[in-house]
Amino acid sequence: MLLLDRRTILQAGGAALLTPSLTWAANKRALETFTASPMGAFVHSTMVVGEENALVIDAQLTQADATLLADQIETTGKRLETVFITHLHPDHLMGIAVLSARFPDASFVAHPVVAEILAQVGPGMFDALKGNLGFAAGDSWVLPTALDGDLELEGERFKVLDPMVGDTAAITPIHMPQFNALVASDVVYSGLGLYIAETLTAEAFAGWRASLDALEAVGAEKLIAGHEGPVPMEGSAIDFTRTYLDGWEQALAESTDRVSLASAMERILGADPEAFFSVEALKAAYPE
Ligand SMILES: [Zn+2]
């Protein structure tokens with residue numbers, strides 16, 4: 001999970017709410033993105049809008065953002081058929097409560113490996129966090145079921161990539177050759193500090209870098225990052241993510257405790273030590 005600090009939220013203002021959706025069209029189908037508010041950690045949901053039906057990838061964090069996403073889906077006039085969840089983090093998961101209430105006929109699915117993880121942690125995560133994120137007690141939340149094979153909408157197939165390491169151990173990006181697009185989820189961040197606390201080992205970093213190489217090799221022209229900061233970024237989000245990982249390792253190597261790591265992160269990465277993701281990384285790197 002990634003929550004932002006007060007300074008970042010103030011800097012961002014309400015800009016994220018005004019960020020226009022990206023839309024690409026192919027074969028009478030459109031690919032659209034929805035970007036969360038600062039409180040929703042600028043997480044992306046991606047929509048494929050077909051001739052009569054629609055599908056959504058990732059469900060948002062807060063009730064307010066999930067409601068705006070539901071409104072955007074409703075505006076298309078299409079029937080929401082499928083909601084696909086890329087990984088276990090609550091910023092991609094909590095909004096299922098809103099979407100399942102608004103679109104009771106929709107199917108909620110995930111890659112079988114992710115579905116198994118969600119079965120273990122999803123319901124408890126929703127119950128633990130719902131009070132802080134606007135979800136009223138008793139709101140419905142649906143456990144995604146295992147999807148074998150590709151995502152599909154009106155005969156178009158979208159390739160669910162095998163689980164790979166990003167800001168957690170098992171994330172499943174989606175390749176959409178029809179749109180020359182890749183929904184990278186939290187393997188790739190764009191212009192925003194990475195949530196790094198779950199992947200601090202050299203092995204996890206090697207895995208994350210291998211994932212970036214694999215996504216780059218897909219060669220999609222359009223890449224939708226899991227999170228996108230409010231200031232438009234020049235250049236490749238994959239390169240941004242690599243640079244951040246490199247900077248983190250440098251900061252860690254130069255540090256001996258939480259205090260020196262915090263200042264190295266600030267100097268090398270421009271990270272705010274009070275930000276949620278920084279605090280979590282500090283605690284994970286130096287447990288005491
Ligand atoms: Zn995320």
Side-chain angles (χ1 to χ4, degrees), residues 1-5 8-9 12 16 19 33-47 56-66 68-69 83-99 108 110-111 113-115 117-118 121-122 125-126 128-130 132-135 141 144 160-161 163-174 182-200 204 207-208 211-212 215 223-230 233 237-238 240-241 244-245 248 271 275-281 284:
M1 183 172 61
L2 190 156
L3 296 174
L4 298 173
D5 60 292
T8 308
I9 291 168
T19 303
T33 58
F34 173 88
T35 311
S37 66
M39 288 309 294
F42 303 102
V43 63
H44 270 152
S45 293
T46 302
M47 269 168 283
V56 168
I57 299 166
D58 287 334
Q60 294 293 311
L61 175 67
T62 69
Q63 186 176 38
D65 283 319
L68 288 172
L69 172 63
V83 178
F84 179 88
I85 302 297
T86 58
H87 65 288
L88 68 88
H89 282 156
D91 47 327
H92 303 251
L93 199 65
M94 295 289 288
I96 287 175
V98 168
L99 298 183
F108 292 80
H111 183 283
V113 169
V114 175
I117 297 169
L118 294 178
V121 303
M125 192 178 273
F126 181 73
L129 295 176
K130 64 184 179 184
N132 294 328
L133 297 167
F135 295 92
W141 188 88
V160 178
L161 303 189
M164 59 181 74
V165 180
D167 70 2
T168 189
I171 299 176
T172 54
I174 310 279
L182 181 66
V183 181
S185 187
D186 286 5
V187 179
V188 180
Y189 281 60
S190 178
L192 197 65
L194 278 54
Y195 175 66
I196 226 160
E198 282 181 34
T199 47
L200 288 179
W208 197 335
S211 303
L212 293 170
L215 293 190
L223 185 140
I224 300 169
H227 296 258
E228 183 161 359
M233 206 190 67
I238 290 179
F240 170 84
T241 307
Y244 199 95
L245 293 175
W248 163 263
F276 172 81
F277 62 84
S278 299
V279 172
E280 291 303 303

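Read the numbers this way: they start at 1 and go in the same order the structure lists the ligands and their atoms.
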Does any part of the side chain of Val56, heavy atoms only, come nearer than 4.5 Å to the side chain of Phe34, both counted from C-beta?
no
For the atoms NE2 of His227 and OD2 of Asp186, give the angle they form at the Zn ion (ligand 1), rounded to 10 degrees.
100°
Value rounded to 0.5 Å, distance of OG1 in Thr241 from NE2 in His227
11.0 Å
Can you tell me if, anywhere in His92, an N/O/S atom lies at a distance from the Zn ion (ligand 1) that is smaller than 2.8 Å?
yes
Please name the atom of Asp91, limited to N, O or S, that comes nearest to the Zn ion (ligand 1).
OD2
Which of parallel (below 30°), tilted (30 to 60°) and perpendicular (above 60°) describes His89 and His87?
perpendicular
Kindly write out the residues that satisfy side chain to side chain contact (heavy atoms under 4.5 Å, CB included) with Ala115, not counting sequence neighbours, or none if the list is empty.
Ala110, Ala146
